Amino acid sequence: MLAKILQNAFIEMNVKEIKGKNHNPRILQYHNATSLKASTDEVPWCSSFVNYIVQKSGDKGTESAMARSWEKWGKEIEKPVPGCIVVFSRGSDKRFGHVAIFCYETKKNIYVIGGNQSDSVNITPYSKSKFVTYRSV
């Protein structure tokens with residue numbers, strides 16, 4: 001299942017927001033995988049992307065647009081596996097964060113493929129100091 005999640009995420013590489021009054025229909029499709037069902041690509045969409053990918057891979061996501069909703073999804077794993085879900089903190093408010101799909105790690109960073117990373121789907125490094133949890137089906 002995790003391999004399928006990673007494969008489906010890579011299919012979405014380089015999907016980008018459209019600046020201005022128009023919105024990328026693919027990102028709106030991601031939003032439809034959540035209860036928020038946002039109608040703009042200008043709202044945070046990392047959790048919408050992960051929900052879309054998990055659902056497309058045959059499992060149920062959190063259906064929440066909140067990144068930190070993934071902290072309780074599936075089961076926690078200690079060591080990351082490509083395709084597992086990674087939750088990161090953002091600031092001091094525990095309600096806010098980022099969620100993406102694990103690719104690989106280095107000594108200092110966790111590399112993830114995710115949505116709303118510089119307004120697109122791409123692979124981005126995140127500091128291990130922001131790490132909250134790894135989750136698997």
Side-chain angles (χ1 to χ4, degrees):
M1 173 61 93
L2 295 181
K4 193 170 190 178
I5 288 172
L6 193 59
Q7 179 183 25
N8 284 331
F10 273 102
I11 291 169
E12 302 297 317
M13 280 289 284
N14 299 315
V15 169
K16 295 179 169 82
E17 289 182 17
I18 298 172
K19 298 297 177 201
K21 64 180 180 174
N22 295 319
H23 305 289
N24 188 322
R26 188 58 158 189
I27 295 171
L28 301 183
Q29 212 173 1
Y30 302 156
H31 284 315
N32 284 333
T34 71
S35 59
L36 181 63
K37 299 192 186 323
S39 59
T40 173
D41 63 10
E42 303 294 323
V43 299
W45 49 278
C46 65
S47 185
S48 296
F49 173 77
V50 174
N51 269 288
Y52 174 84
I53 295 300
V54 167
Q55 289 174 20
K56 185 176 179 184
S57 301
D59 206 345
K60 185 176 179 177
T62 65
E63 297 178 0
S64 172
M66 298 293 291
R68 298 292 287 261
S69 69
W70 291 90
E71 285 184 72
K72 303 292 184 203
W73 178 84
K75 63 182 177 184
E76 185 170 32
I77 56 175
E78 289 188 31
K79 295 190 181 201
V81 178
C84 74
I85 307 304
V86 187
V87 179
F88 298 97
S89 63
R90 185 169 49 104
S92 59
D93 190 329
K94 292 189 184 268
R95 293 176 298 160
F96 301 119
H98 183 66
V99 63
I101 299 162
F102 180 83
C103 293
Y104 64 96
E105 66 182 324
T106 61
K107 189 174 183 179
K108 294 182 180 182
N109 293 310
I110 300 168
Y111 286 76
V112 293
I113 183 169
N116 203 31
Q117 297 181 160
S118 298
D119 297 334
S120 69
V121 175
N122 59 51
I123 297 174
T124 301
Y126 284 84
S127 170
K128 287 185 175 180
S129 67
K130 302 289 185 188
F131 166 77
V132 175
T133 185
Y134 296 117
R135 311 299 297 184
S136 182
V137 292

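Quick caveat: nothing in here was measured; it's all calculated off a predicted structure.
Under the 4.5 Å side-chain heavy-atom criterion for grouping Ile, Leu, Val, Met, Phe, Trp and Tyr, Phe96 is not connected to Phe49 through any hydrophobic cluster. One hydrophobic cluster, built from ILVMFWY side chains closer than 4.5 Å, holds both Val81 and Ile85.
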Audit row: Phe88, Ile110, side chain to side chain contact (heavy atoms under 4.5 Å, CB included) steps and yes/no: CA-CA 10 Å; Phe88 298 97; Ile110 300 168; 4.0 Å; yes
Verdict with reasoning, Ser89 to Arg68, per side chain to side chain contact (heavy atoms under 4.5 Å, CB included): CA-CA 8 Å; Ser89 63; Arg68 298 292 287 261; 3.7 Å; yes
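Here the straight-line distance linking atom OG of Ser48 with atom CD of Gln29 works out to 12.0 Å at 0.5 Å rounding. Annotation: the span from Leu6 atom CG to Met1 atom CE amounts to 13.0 Å, rounded to 0.5 Å. Atom CD1 of Ile5 sits about 5.5 Å away from atom CG of Leu2, to the nearest 0.5 Å. Taking CD from Gln55 and OG1 from Thr34, the interatomic distance works out to 9.0 Å, rounded to the nearest 0.5 Å. Interatomic distance, Asn32 CG to Tyr52 OH, rounded to the nearest 0.5 Å: 10.5 Å.
Remark: of the listed residues Ile53, Val50, Val121, Val121 is the sole one forming a side-chain contact (heavy atoms from CB on, under 4.5 Å) with Tyr30.
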Report, one line per pair, each donor and acceptor closer than 3.5 Å where one atom sits in a side chain of residues 111-119; sequence neighbours left out.
unit_1, atom_1, unit_2, atom_2, d
Asn116, OD1, Trp45, NE1, 3.1
Gln117, OE1, His98, NE2, 2.9
Gln117, NE2, Asn122, O, 2.8
Gln117, NE2, Asn122, OD1, 3.1
Gln117, NE2, Thr124, OG1, 3.2
Asp119, OD2, Lys19, NZ, 2.6

With a cut-off of 3.5 Å and sequence neighbours excluded, list every side-chain donor-acceptor pair involving residues 100-107.
unit_1, atom_1, unit_2, atom_2, d
Glu105, OE1, Lys128, NZ, 2.9
Thr106, OG1, Asn109, N, 3.2

Show every donor-acceptor pair shorter than 3.5 Å between a side-chain atom in residues 130-137 and any protein atom, with sequence neighbours excluded, or say none if there are none.
unit_1, atom_1, unit_2, atom_2, d
Thr133, OG1, Glu76, OE2, 3.1
Arg135, NE, Glu71, O, 3.4
Arg135, NE, Trp73, O, 2.7
Arg135, NH1, Glu71, O, 3.1
Arg135, NH2, Trp73, O, 3.1
Arg135, NH2, Gly74, O, 3.3

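For Ser47, the side chain to side chain donor-acceptor pair (under 3.5 Å) criterion is met by Asn51, Trp70, not counting sequence neighbours.
Closest non-hydrogen pair, Val43 versus Ala38, comes out as CG2-CB, 3.6 Å. Between Val54 and Gly61, the shortest heavy-atom contact is CG1-N, 3.9 Å. Contact detail for Asn24 and Lys16: the closest heavy-atom pair is ND2-O, 2.7 Å.
Legend: salt bridge (Lys or Arg N to Asp or Glu O under 4.0 Å) pairs involving residues 34-59, not counting sequence neighbours, sorted by first then second residue: Glu12-Lys56. Note on residues 87-100: pairs passing salt bridge (Lys or Arg N to Asp or Glu O under 4.0 Å), not counting sequence neighbours, are Asp93-Arg95.
Counting only distance, with no hydrogens or angles, the side chain of His31 and the backbone of Ser39 share no donor-acceptor pair below 3.5 Å.
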